[in-house]
2 protein chains.
Amino acid sequence: MNNKTPFKPLYQEVQQAITHKIIAGEWKPGEMLPSEFQLADMLGVSQGTVRKALNALGESNVVYRRQGVGTFVSENTLKDMLFHFFHYKFNDGSERGLPTAKLIKMRLIKARGKIKEELALDHEEKVVEITRTRLIDRTACISEKIYLPLRYFDGLDQEGGLPNSLYHYYQEQFQITINKASDKIRAVIANQTDNDLIGVALGQPLLEVSRVAKALDGKIVEYRISRVDSEQLHYLVELN
Amino acid sequence: MNNKTPFKPLYQEVQQAITHKIIAGEWKPGEMLPSEFQLADMLGVSQGTVRKALNALGESNVVYRRQGVGTFVSENTLKDMLFHFFHYKFNDGSERGLPTAKLIKMRLIKARGKIKEELALDHEEKVVEITRTRLIDRTACISEKIYLPLRYFDGLDQEGGLPNSLYHYYQEQFQITINKASDKIRAVIANQTDNDLIGVALGQPLLEVSRVAKALDGKIVEYRISRVDSEQLHYLVELN
DNA sequence: CAGTGGTCTAGACCACGCT
DNA sequence: GCGTGGTCTAGACCACTGT
């Protein structure tokens with residue numbers, strides 16, 4: 001008879017409804033959402049149901065909640081991004097300044113092979129390739145190659161410079177909020193390019209971190225390969 | 001006046017009370033806890049408060065909950081452990097058999113330097129040093145050095161062999177449940193020992209993962225250094 | 001069918017941040 | 001003091017699992 005109705009809890013509907021409004025731009029990054037009771041009235045459910053939905057959205061960093069203040073759409077600010085998406089620490093345990101970035105090259109290419117595959121593209125679309133180095137306290141320690149489908153970042157290739165926090169820039173300029181990512185970490189040997197870009201000796205071991213990042217709506221919007229000076233930095237993972 | 005009462009929610013008290021009973025062995029790994037209503041009666045709070053506490057314990061993997069069945073104390077079974085604490089994947093994307101382990105050496109040493117430091121020991125205590133390799137489909141791909149304070153693992157040095165899933169073994173033999181860990185990932189160059197243990201060529205890049213693991217009560221109980229053949233495996237991190 | 005966790009509601013009250 | 005999220009309670013009902 002196949003009479004299976006998968007059953008979807010009401011709070012998940014509410015969660016989706018709110019998410020869609022955020023994606024649609026009804027509430028923009030940094031803005032405050034209506035209170036729990038107002039949302040409950042708007043959506044015709046009880047306050048407890050809205051609460052559960054908002055807490056779930058808080059868990060996945062779509063919004064953040066502050067007691068006594070309100071619920072706000074998450075911003076990809078540099079500080080938050082460091083916490084969520086930047087897990088490099090100094091080997092000696094020292095805390096230093098915020099990382100900056102130096103743009104080396106930006107060009108338009110066609111996505112082929114691994115780039116096309118990792119970005120899950122059907123065709124050989126145009127993508128922007130960004131090459132840059134990251135510096136902490138003026139010392140270069142990471143080189144990055146970043147691939148962005150031009151489809152999502154129209155006009156990006158015309159830009160002259162880029163800010164330190166790309167994710168915040170994506171959000172402000174292109175209404176793309178990075179929300180999830182997965183990092184594949186491998187060990188590689190430094191080549192001449194690494195020597196040129198971050199000054200590591202040829203033959204030295206490096207971490208190569210290959211990241212695929214997704215926006216709020218689940219679409220893959222960025223592929224990024226970082227090569228990290230392992231003599232200076234390590235990658236830290238907390239397992240709970 | 002300094003009349004600050006930090007305010008501790010009731011459900012956190014409940015959470016701690018339940019955690020303590022689990023640590024004390026009142027409910028053992030794999031056993032079912034009383035139902036929400038029974039716990040509520042026992043502790044003199046409402047069912048909703050118990051629910052919030054149990055869900056929090058579920059989040060941190062102290063218990064797991066199954067609708068229609070019950071709430072159970074988590075077991076460090078091989079399958080769960082792989083999901084939580086084993087994040088190595090094959091570079092070619094293939095899924096293969098479960099990892100096995102081959103014991104190379106076990107000896108008793110005094111904790112000094114980095115070992116003492118990472119295990120947060122005050123004195124040069126005795127620790128068990130375990131050297132083993134891990135194999136997937138009979139191919140060696142990881143070598144591990146594991147350091148365990150003898151204080152927590154009394155008699156371990158007398159054992160002849162060890163099972164594949166150490167964490168399950170800690171739990172069954174020593175009533176120690178591994179609950180949290182942090183991994184520091186670096187890149188290194190294979191040396192003669194790596195060549196002997198996992199057959200990687202000298203000079204090849206490896207991942208070195210240095211893990212500190214904590215038990216339910218928060219105590220550091222294990223320090224482990226893994227050296228991973230990066231030609232075969234990578235370390236995968238999901239950022240949400 | 002009995003028992004468990006999961007959802008949803010309604011209402012009271014508390015803690016917090018801002019003004 | 002006001003408005004916000006956070007806690008706690010009580011009760012009804014639903015969905016899932018195993019017997």
Side-chain angles (χ1 to χ4, degrees), chain A residues 1-19 21-22 27-75 80, chain B residues 1-19 21-22 27 30-75 80:
Chain A
M1 303 286 266
N2 204 356
N3 55 348
K4 47 180 170 185
T5 333
F7 174 63
K8 194 165 192 188
L10 190 49
Y11 75 89
Q12 286 183 15
E13 306 272 10
V14 172
Q15 201 176 326
Q16 285 191 350
I18 295 173
T19 305
K21 291 197 180 188
I22 291 174
W27 304 305
K28 296 193 165 50
E31 284 182 11
M32 184 176 149
L33 269 59
S35 74
E36 293 180 350
F37 280 104
Q38 287 171 336
L39 283 168
D41 285 349
M42 288 165 58
L43 298 165
V45 298
S46 82
Q47 175 257 3
T49 302
V50 170
R51 162 162 274 270
K52 184 152 187 178
L54 287 176
N55 281 338
L57 291 174
E59 281 292 302
S60 51
N61 296 303
V62 175
V63 302
Y64 62 93
R65 318 196 69 192
R66 284 172 52 203
Q67 182 175 168
V69 187
T71 301
F72 302 83
V73 181
S74 291
E75 284 181 286
D80 286 348
Chain B
M1 301 287 268
N2 204 359
N3 53 348
K4 46 180 170 186
T5 332
F7 174 63
K8 193 164 191 188
L10 191 48
Y11 74 89
Q12 285 184 15
E13 306 272 9
V14 172
Q15 200 175 327
Q16 285 192 351
I18 295 173
T19 304
K21 290 196 179 188
I22 291 174
W27 303 305
E31 284 182 12
M32 184 175 148
L33 269 59
S35 74
E36 294 180 349
F37 280 105
Q38 287 171 337
L39 283 169
D41 284 350
M42 288 165 58
L43 298 166
V45 299
S46 83
Q47 176 256 2
T49 302
V50 171
R51 163 162 273 271
K52 184 151 188 178
L54 287 176
N55 280 338
L57 291 173
E59 280 292 301
S60 52
N61 296 303
V62 175
V63 302
Y64 63 93
R65 317 196 70 193
R66 283 172 51 203
Q67 181 175 169
V69 187
T71 301
F72 303 83
V73 181
S74 290
E75 284 182 285
D80 285 349

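In the text below, chain A, chain B and the rest are named by the order of the sequence lines, each starting its count at 1. Quick caveat, the model's predicted, so the values are computed rather than measured.
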Asker: When you get a sec, tell me which of D:dG6, C:dG6, C:dC8 is the closest nucleotide to the side chain of B:Arg65?
Answerer: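 The nucleotide sitting nearest to the side chain is C:dG6.
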
Asker: Between D:dT4, D:dT17, D:dA15, which nucleotide gets closest to the side-chain atoms of A:Phe7?
Answerer: D:dA15

Asker: From C-beta outward on A:Glu36, which listed nucleotide comes closest to its side chain: D:dC16, D:dG6, D:dC8?
Answerer: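 Minimum distance to the A:Glu36 side chain belongs to D:dG6.
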
Asker: Picking from D:dT4, D:dG6, C:dT9, which would you name as closest to the side chain of A:Val45?
Answerer: C:dT9

Asker: With nearest nucleotides of DNA chain D determined for B:Gln47 and B:Lys8 from heavy-atom distances, which residue corresponds to the more 5′ nucleotide?
Answerer: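 The residue closer to the strand's 5' end, by nearest nucleotide, is B:Lys8.
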
Asker: In whole angstrom, what separates B:Met32's CE from C:dA2's P?
Answerer: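 Rounded to whole Å, this separation is 17 Å.
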
Asker: CG of A:Leu10 versus P of D:dC13: gap in Å, rounded?
Answerer: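 After rounding, the reported distance stands at 17 Å.
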
Asker: Which nucleotide in the set D:dT17, D:dC8, C:dC8 lies at the smallest distance from any side-chain heavy atom of B:Tyr11?
Answerer: D:dC8

Asker: With no hydrogens and no angle check, is any side-chain donor or acceptor of B:Ser74 less than 3.5 Å from a backbone partner on B:Asn61?
Answerer: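 Checking the backbone N and O of B:Asn61 against the side chain of B:Ser74, a donor-acceptor pair under 3.5 Å is found.
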
Asker: So, OP1 or OP2 of D:dT4: does either fall under 4.0 Å of a side-chain N or O from A:Thr71?
Answerer: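 A:Thr71 to D:dT4 OP1/OP2: no side-chain N or O under 4.0 Å.
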
Asker: Can you check whether B:Val63 reaches B:Ile22 side chain to side chain, under 4.5 Å on heavy atoms?
Answerer: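 They are in contact (side-chain heavy atoms under 4.5 Å apart), so the answer is yes.
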
Asker: Can you see if the side chain of B:Arg51 gets near the phosphate of C:dG5 - specifically, an N or O under 4.0 Å from OP1 or OP2?
Answerer: no

Asker: Can you identify which nucleotide, out of D:dG6, C:dG17, C:dC8, has its nearest atom closest to the A:Thr49 side chain?
Answerer: C:dC8

Asker: Quick one: A:Asn55 CG to D:dT4 C1', roughly how many Å, whole number?
Answerer: 13 Å

Asker: With a 3.5 Å distance limit and no angle check, can you tell me whether A:Gln12 reaches the backbone of A:Pro9 through a side-chain donor-acceptor pair?
Answerer: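 No: the side chain of A:Gln12 does not pair with the backbone of A:Pro9.
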
Asker: How many Å lie between CG on A:Leu57 and C1' on D:dG5, as a whole number?
Answerer: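 From A:Leu57 CG to D:dG5 C1': 15 Å.
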
Asker: Indicate whether OP1 or OP2 belonging to C:dC8 is found under 4.0 Å from a side-chain N or O atom of A:Lys52.
Answerer: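 For A:Lys52, the contact criterion (side-chain N or O under 4.0 Å from OP1 or OP2 of C:dC8) is not met.
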
Asker: D:dG18 P sits how many Å from B:Gln67 CD, rounded?
Answerer: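 Whole-Å distance recorded here is 12 Å.
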
Asker: Expressed in angstrom and rounded to an integer, what is the separation of B:Gln12 atom CD from C:dA15 atom P?
Answerer: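 After rounding, the gap between these two atoms is 14 Å.
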
Asker: My understanding is that only one of B:Ile18, B:Leu57, B:Leu54 makes a side-chain contact (heavy atoms from CB on, under 4.5 Å) with B:Val62; could you say which?
Answerer: B:Leu57

Asker: How many Å lie between CG on A:Asp41 and C1' on D:dT4, as a whole number?
Answerer: 15 Å

Asker: Holding to salt bridge (charged side-chain N to carboxylate O under 4.0 Å, His left out), I want the full list of residues that pass it with B:Glu36, two or more places apart in sequence or in another chain.
Answerer: B:Arg51, B:Arg65

Asker: Name the residue closer to the 5' end of DNA chain C, choosing between A:Gly68 and B:Pro34 according to the nucleotide with the nearest heavy atom.
Answerer: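 In this pair, the answer is B:Pro34.
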
Asker: Is the phosphate of D:dT4 approached by A:Arg66 (side-chain N or O, under 4.0 Å from OP1 or OP2)?
Answerer: no

Asker: What integer distance in Å separates B:Phe37:CZ from C:dA2:C1'?
Answerer: 15 Å

